[in-house]
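Step one of this worksheet: look at the structure below.
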Amino acid sequence: MPLLQTFQSHPAIFVTAVSIISLAIGSFLNVVIHRLPKMIELRWRSELAELTGQKAPPAPAYNLVLPRSQCPACGHHIKAIENIPLVSYLVLGGRCSACKAGISLRYPLVEALTGALSGYIAWHYGFGWTAAAALVFAWTMIALACIDLDTFYLPDDITLPLAWAGLLVNMGGVFVDLRSAVIGAIAGYLSLWAVFWAYKLATGKDGMGYGDFKLLAAIGAWLGWKMLPVVILLSSFAGAAVGISLIVFARHGRNVPIPFGPYLVLGGLVAMFWGESIVNYYLRVL
């Protein structure tokens, strides 16, 4: 109780504590980003073997806990002292302590992003349930964006629980009322579903994956239907800007797919913080 009172009466302490703790959350998100797609692939193989009447080959336990983290180059097991967020990467010079192979810069970047974003959420909302809910939303969105960047896949294991969690959170009106959240979930899914089928009927090609529908449905469940135009416009502009830049400057092929999930994530986070202000400004200008 004294700690909670300290957080309430001293916002700077609350922001600092959330930022530091969230660095460890970022380290865990790195595990989720790396392992969850592999876990899903193993599950698919097992289900396929079962459907075809084959016996799945025995495999060692592989989940978010086992096996211990290790260097992909030499198999060196990462010690606890080598797994301190940000600090270990800097001390090791971005290299494995055993074989000196380079460690991906993404790991400290995810940790730093998680810590910085979480600190901003703590400052923006202050101590309370809204900040706690916003932290869960932001952490989940970071994981989804990175998984989509790596695999072009937005797993149901995350998007569907995220959607249900948004409805549950808004039963208490944390971000919007429940009616707005339900309409947001439905409208979020159907809006991209309609775009998908319009594009497919016009070109015969798939323009996006079903995971994008579910992600926008989850965003709608958390932020309500009024934020969906903001999210869609922001994500579309960001995606178009990055896509054009890749084509012009990086000679990225026009037919090479670009994951849309990260831009939906960006739009969702911007809408959570400033969506109401953006809508009000637009209505005043209009």
Side-chain angles (χ1 to χ4, degrees), residues 33 113 117 120 134 137-156 158-160 162-163 166 175-176 180-286:
I33 293 162
L113 173 62
L117 182 59
Y120 179 77
F137 179 74
W139 295 339
T140 308
M141 297 290 269
I142 290 173
L144 284 169
C146 292
I147 290 173
D148 200 20
L149 281 172
D150 283 349
T151 65
F152 290 85
Y153 180 63
L154 292 166
D156 289 352
I158 299 180
T159 55
L160 298 183
L162 181 65
F175 292 103
V176 293
S180 180
V182 172
I183 296 174
I186 297 170
Y189 188 93
L190 291 180
S191 58
L192 289 188
W193 178 88
V195 171
F196 170 87
W197 280 108
Y199 183 85
K200 188 175 180 66
L201 290 173
T203 66
K205 301 177 181 178
D206 292 346
M208 63 181 65
Y210 278 56
D212 297 314
F213 313 166
K214 298 167 189 174
L215 175 55
L216 189 57
I219 294 172
W222 279 79
L223 306 181
W225 65 269
K226 292 182 180 179
M227 291 298 107
L228 291 178
V230 176
V231 175
I232 293 172
L233 285 173
L234 288 174
S235 58
S236 298
F237 284 139
V242 172
I244 293 171
S245 299
L246 288 173
I247 291 172
V248 173
F249 299 109
R251 296 184 178 180
H252 193 275
R254 293 176 181 269
N255 295 323
V256 177
I258 297 174
F260 190 51
Y263 308 111
L264 287 173
V265 166
L266 176 62
L269 291 174
V270 170
M272 182 174 68
F273 296 129
W274 306 292
E276 203 69 43
S277 298
I278 293 173
V279 171
N280 291 336
Y281 175 79
Y282 175 78
L283 292 176
R284 284 199 304 270
V285 173
L286 187 65

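Note that the coordinates shown come from a computational prediction; the quantities given were computed from them, not determined experimentally. Just the heavy atoms: all of them, side chains too, but no hydrogens, waters or symmetry mates, feed the values below.
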On a heavy-atom basis, the closest approach of G224 and S180 is CA-OG, 3.4 Å
Do you know which of I147, L154, L149 makes side-chain contact (heavy atoms from CB on, under 4.5 Å) with T151? I147
Would you say that D148 contacts V265 through its side chain, given a criterion of any heavy-atom pair below 4.5 Å between the two side chains? no
Quick one: are P155 and Y153 in side-chain contact, heavy atoms under 4.5 Å? yes
Atom CG of L192 and atom CG of L215: how far apart are they, to the nearest 0.5 Å? 9.0 Å
Compare every heavy atom of G188 with every heavy atom of S191, then report the nearest pair and how far apart it is. OG-O, 3.0 Å
Non-hydrogen side-chain atoms of F196 and Y210 separated by less than 4.5 Å: yes
Between V195 and M208, is a side-chain contact (heavy atoms from CB on, under 4.5 Å) present by the stated rule, with each step listed? CA-CA 9 Å; V195 171; M208 63 181 65; 4.3 Å; yes
How close do Y199 and K205 get, heavy atom to heavy atom, and via which atoms? CD2-O, 3.4 Å
Taking every non-hydrogen atom, the tightest pair across A145 and P262: O-CG, 3.6 Å
Check V231 against L264 and note the closest heavy-atom contact, atom names and distance. CG1-O, 4.0 Å
In Å, rounded to the nearest 0.5 Å, how long is the span from CE of M227 to CD of E276? 4.5 Å
Is I278 close to V270 at the side-chain level, that is, under 4.5 Å between some pair of heavy atoms? yes
L117 side chain near I142 side chain, heavy-atom distance below 4.5 Å: yes
Reported CD1-to-CG distance for the pair I186 and L228, which is rounded to 0.5 angstrom: 11.5 Å
Going from OG on S235 to CZ on F260, what distance comes out if it is rounded to the nearest 0.5 angstrom? 3.5 Å
Under 4.5 Å between any side-chain heavy atoms of M141 and I219, yes or no? yes
For atom CH2 of W225, is the number of surrounding heavy atoms from other residues, nucleotides or ligands below 6.0 Å larger than 12? no
Quick one: are W222 and V176 in side-chain contact, heavy atoms under 4.5 Å? no
Flag if over 12 foreign heavy atoms under 6.0 Å of CZ, F152: yes
Main chain of G209, side chain of D212: is a donor-acceptor contact present, judged purely on distance under 3.5 Å? yes
Can you name the closest pair of heavy atoms from A221 and A181 and give their distance? O-CB, 3.2 Å
Measuring from L216:CG to T159:OG1, what's the distance to the nearest 0.5 Å? 11.5 Å
Quick check: do V279 and V230 have side-chain heavy atoms less than 4.5 Å from each other? yes
When the ring planes of Y120 and W274 are compared, do they come out parallel, tilted or perpendicular, using 30° and 60° as the limits? tilted
Classify the ring geometry between F213 and Y189 as parallel (under 30°), tilted (30 to 60°) or perpendicular (over 60°). perpendicular
Straight-line distance of K214 NZ to I158 CD1, nearest 0.5 Å: 12.5 Å
